[in-house]
Enquirer: 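If you scroll down you'll find the structure; I have some questions about it.
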Amino acid sequence: MFLHTLAHYVPEQRVPNAYFEGVNGLSDDWIVSRTGIRERRKAGPEENTHTMAWEAVQRAIARRADDGQSIDLIIAATYTPYDTVSTLAHYVQHRLELPDVPAVTITAACSSLINAVEIVQGYFAMGKARHALVVVSEHNTAFSNDHDPVAGHLWGDGATALLIHRERQTEADLEIRDLFTGGAATVGRSIEGVNLFPRHGGISMRNGKDVFTWACTFMEQTANRILERNQLTMKQIAYFVPHQANLRISKQVMQRLDLPEDRLLSNIQYLGNTGSAGCGIALSENRHRLQAGEYVIVTVFGGGYSYGAMLLRA
């Protein structure tokens with residue numbers, strides 16, 4: 001499989017840490033020291049999960065010559081849906097005016113990006129598709145509680161779009177060399193680590209320490225596992241893209257993997273936790289930095305608990 005085009009969208013509105021000092025009593029120094037976040041993006045009154053996704057899709061399509069009409073599969077992912085019946089995938093299909101192609105929306109918490117790409121892999125393997133669109137969008141601020149001193153300051157909004165093909169389209173395509181996902185709902189406090197009850201308080205993080213511990217554990221393990229599967233060493237990895245949950249988590253994983261921090265691709269400092277869209281946004285932001293032949297590892301971990309890893313080669 002080949003990743004042909006990447007694009008992303010983040011809202012214009014910036015919310016600095018200073019806002020939270022007057023809302024939940026947390027200072028800028030406190031938030032930065034514990035999360036690495038200095039500001040985050042917030043969707044405007046007329047924006048939602050669907051509209052942000054469509055912005056990202058349009059930016060991806062604009063880099064192609066066929067207006068996206070070759071797309072024969074749409075896989076969308078979100079845990080913050082705008083509509084749970086006419087889903088994100090259906091909305092994108094409607095806007096693209098693409099009849100008769102499979103349009104599926106999935107959720108596996110913050111690991112959903114790689115889960116979505118893995119579904120594409122399955123369609124390709126069965127010969128049911130050749131040109132896929134993966135679109136991931138999160139409207140976290142629609143469900144977060146700014147007054148919550150535990151997690152209210154973590155969240156940002158954004159979307160990413162990936163055009164993936166079974167065969168290489170250009171020499172600039174990124175090869176998806178390997179990927180896998182898994183569920184870890186049998187460990188720790190998985191079912192009560194992070195929750196989003198739409199009608200009962202929105203997003204909460206009742207067991208942040210447990211989430212921190214297992215996120216570090218699984219992102220380290222999945223990175224090592226994907227290297228072993230492909231007979232590579234960590235020294236051959238140019239960049240590492242962990243789930244954008246907490247800069248302390250990312251740095252701890254880097255230390256465990258013995259990777260220098262200049263190989264870390266991170267956007268949580270200025271975007272906040274954008275959920276399952278975060279890694280895709282980071283790849284889109286940094287695509288220009290990747291040189292031919294370089295390897296990139298993406299690792300994800302989500303509430304629930306879920307995990308995954310993907311190996312890319314430029």
Enquirer: Drop me the distance from Ile31's CD1 to Leu26's CG, to the nearest 0.5 angstrom.
Expert: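 Output value for this atom pair is 5.0 Å.
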Enquirer: Testing the 3.5 Å rule here: is there a donor-acceptor pair between the side chains of Ser144 and Asn140?
Expert: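 No, no side-chain donor-acceptor contact under 3.5 Å.
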Enquirer: Can you give me the closest heavy-atom contact between Gln169 and His131, atom names plus distance?
Expert: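 That closest heavy-atom pairing would be NE2-CE1, 4.2 Å.
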Enquirer: Following the transitive rule for hydrophobic clusters with a side-chain heavy-atom cut-off under 4.5 Å over Ile, Leu, Val, Met, Phe, Trp and Tyr, establish whether Leu154 and Tyr19 coincide in one cluster.
Expert: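 Looking at the clustering, Tyr19 is in the same group as Leu154.
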Enquirer: I'd like to know if the side chain of His8 pairs up with that of Thr160 as donor and acceptor (distance under 3.5 Å, no hydrogens or angles considered).
Expert: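 Not at all, the side chains of His8 and Thr160 share no donor-acceptor pair under 3.5 Å.
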Enquirer: Assess, by modelled atom type and distance only, whether the side chains of Asn48 and Tyr91 contain a donor and an acceptor separated by less than 3.5 Å.
Expert: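 No, because no side-chain N or O of Asn48 sits under 3.5 Å from a partner of the opposite role on Tyr91.
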Enquirer: Is it true that Tyr295 and Glu175 share a donor-acceptor pair across their side chains at a distance under 3.5 Å?
Expert: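 No donor-acceptor contact under 3.5 Å links the two side chains.
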Enquirer: Looking at residues at least two apart in the chain, or sitting in another chain, which of them share a side chain to side chain donor-acceptor pair (under 3.5 Å) with Thr80?
Expert: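 With sequence neighbours excluded, Thr80 shows a side chain to side chain donor-acceptor pair (under 3.5 Å) to Thr78, Glu138, given in chain and number order.
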Enquirer: Residues in salt bridge (Lys or Arg N to Asp or Glu O under 4.0 Å) with Arg263, at least two apart?
Expert: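 Partners of Arg263 by the salt bridge (Lys or Arg N to Asp or Glu O under 4.0 Å) criterion come out as none, since no residue qualifies.
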Enquirer: Do the side chains of Val187 and Met205 join up, straight or via other hydrophobic residues, at under 4.5 Å, putting them in one cluster?
Expert: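 Same cluster.
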Enquirer: Would you say the side chain of Val134 lies within less than 4.5 Å of the side chain of Leu113, judging by non-hydrogen atoms?
Expert: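 Leu113 reaches Val134 side chain to side chain.
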Enquirer: Mark yes when over 12 heavy atoms from residues, nucleotides or ligands other than Arg38 sit less than 6.0 Å from its CZ; otherwise mark no.
Expert: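 Count not over threshold, so no.
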Enquirer: Is Phe124 reachable from Val135 through a run of hydrophobic residues whose side-chain heavy atoms are each under 4.5 Å from the next?
Expert: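 They do not share one cluster, since no chain of ILVMFWY contacts under 4.5 Å joins Val135 to Phe124.
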Enquirer: Does the pair Arg130 and Glu167 meet the rule for a salt bridge (Lys or Arg N to Asp or Glu O under 4.0 Å), with working shown?
Expert: CA-CA 8 Å; Arg130 295 179 59 194; Glu167 292 86 23; 3.2 Å; yes
Enquirer: Between Thr170 and Asp173, do the side chains contain a donor N or O and an acceptor N or O under 3.5 Å apart?
Expert: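 Yes, because at least one side-chain N or O of Asp173 sits under 3.5 Å from a partner of the opposite role on Thr170.
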Enquirer: Say you draw a straight line from CD of Glu12 to NZ of Lys42; how long is it, rounded to the nearest 0.5 Å?
Expert: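 Glu12 atom CD to Lys42 atom NZ measures 15.0 Å (nearest 0.5 Å).
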Enquirer: So, taking the atom named NE2 in His50 and the one named CD in Glu55, what distance separates them when rounded to the nearest 0.5 Å?
Expert: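 Reported to 0.5 Å precision, the distance equals 14.0 Å.
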Enquirer: Can you get from Tyr305 to Tyr307 by hopping between Ile, Leu, Val, Met, Phe, Trp and Tyr side chains that sit under 4.5 Å apart?
Expert: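 Same hydrophobic cluster.
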Enquirer: Same cluster or not: are Leu6 and Val117 linked, directly or through other Ile, Leu, Val, Met, Phe, Trp or Tyr residues, by side-chain heavy atoms under 4.5 angstrom apart?
Expert: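 Yes, Leu6 connects to Val117 through the hydrophobic network.
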Enquirer: For the residue pair Tyr123 / Asp72, report whether a side-chain donor-acceptor contact shorter than 3.5 Å exists.
Expert: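 No donor-acceptor contact under 3.5 Å links the two side chains.
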Enquirer: With a sphere of 6.0 Å drawn around OH of Tyr82, does it hold more than 12 non-hydrogen atoms of other residues, nucleotides or ligands?
Expert: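 For Tyr82, atom OH is not crowded (no more than 12 foreign heavy atoms under 6.0 Å).
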Enquirer: Would you say Gln244 and Thr274 are linked by a side-chain donor-acceptor pair, where the criterion is simply a distance under 3.5 Å?
Expert: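 Absent: no donor and acceptor within the cut-off.
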Enquirer: To the nearest 0.5 Å, tell me how far Leu283 CG sits from Leu3 CG.
Expert: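 Between atom CG of Leu283 and atom CG of Leu3 there are 7.5 Å.
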Enquirer: Quick one: which of Ser112, Ser306, Ser111, Ser276 gives a side chain to side chain contact (heavy atoms under 4.5 Å, CB included) with Val300?
Expert: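 Only match with Val300 under side chain to side chain contact (heavy atoms under 4.5 Å, CB included): Ser111.
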Enquirer: Can you confirm whether the side chains of Thr141 and Asp157 place a donor and an acceptor under 3.5 Å from each other?
Expert: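 Per modelled atom types, Thr141 and Asp157 side chains form a pair under 3.5 Å.
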Enquirer: Supply the atom-to-atom distance Leu88 CG to Thr107 OG1, rounded to the nearest 0.5 angstrom.
Expert: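 Result: 11.0 Å between the selected atoms.
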Enquirer: Without hydrogens or angle criteria, can the side chains of His4 and His165 be said to hold a donor-acceptor pair below 3.5 Å?
Expert: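 No donor-acceptor contact under 3.5 Å links the two side chains.
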Enquirer: Give a yes-or-no answer on whether the side chains of Arg177 and Asn230 include a donor-acceptor pair shorter than 3.5 Å.
Expert: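 Not at all, the side chains of Arg177 and Asn230 share no donor-acceptor pair under 3.5 Å.
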Enquirer: With the side chain counted from C-beta on, respond yes when Ile249 and Phe212 share a heavy-atom pair under 4.5 Å apart, and no when they do not.
Expert: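 In contact.
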Enquirer: Let me see the working for Arg256 and Gln252 under side chain to side chain donor-acceptor pair (under 3.5 Å), right down to the final yes or no.
Expert: CA-CA 6 Å; Arg256 293 184 183 188; Gln252 186 169 134; 2.8 Å; yes
Enquirer: Please determine which of Asp29, Thr35, Asp28 meets the side chain to side chain contact (heavy atoms under 4.5 Å, CB included) test together with Asn17.
Expert: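 For Asn17, the side chain to side chain contact (heavy atoms under 4.5 Å, CB included) test succeeds with only one of Asp29, Thr35, Asp28, which is Asp28.
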Enquirer: Measuring only between side-chain heavy atoms, which start at C-beta, is Ile297 closer than 4.5 Å to Leu227?
Expert: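 Contact flag for Ile297/Leu227 side chains = yes.
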Enquirer: With a 6.0 Å cut-off (strictly less than), is the heavy-atom count around CG of Asp258, excluding the residue itself, greater than 12?
Expert: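 Incorrect, the count does not exceed 12.
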Enquirer: Do Asn195 and Arg206 make a side-chain contact, defined as non-hydrogen atoms from C-beta onward lying under 4.5 Å apart?
Expert: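 Sidechains of Arg206 and Asn195: in contact.
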Enquirer: Under 6.0 Å from the ring centre and within 45 degrees of the ring axis: does the NZ or CZ of Arg225 meet both conditions for the six-membered ring of Phe180?
Expert: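 Relative to the ring axis of Phe180, which defines the angle, Arg225 lies inside both limits.
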Enquirer: Quiz question: by atom type and distance under 3.5 Å, do the side chains of Glu285 and Asn267 form a donor-acceptor pair?
Expert: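 Yes, a side-chain donor-acceptor pair sits under 3.5 Å.
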Enquirer: Where does the angle between the aromatic ring planes of His153 and Phe20 fall among parallel (under 30°), tilted (30 to 60°) and perpendicular (over 60°)?
Expert: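 Rings of His153 and Phe20: perpendicular, over 60°.
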Enquirer: Could you grab the distance from atom OG1 of Thr105 to atom CD of Gln93, nearest 0.5 Å is fine?
Expert: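 Spacing of OG1 (Thr105) from CD (Gln93) equals 10.0 Å.
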Enquirer: Can you find a pair of side-chain heavy atoms, one from Trp54 and one from Leu96, that are under 4.5 Å apart?
Expert: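 Side chain of Trp54 against side chain of Leu96, heavy atoms only: contact under 4.5 Å found.
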Enquirer: We want to know whether Gln269 and Ser266 form a side-chain donor-acceptor pair, criterion being a heavy-atom distance below 3.5 angstrom.
Expert: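 There is such a pair between these side chains.
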Enquirer: Side chains of Lys251 and Glu261, heavy atoms from C-beta outward: is any pair under 4.5 Å?
Expert: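 Side-chain contact under 4.5 Å: yes.
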Enquirer: Do Leu264 and Tyr239 have side chains that get closer than 4.5 Å, going by heavy atoms?
Expert: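 SC-SC contact between Leu264 and Tyr239 ruled out.
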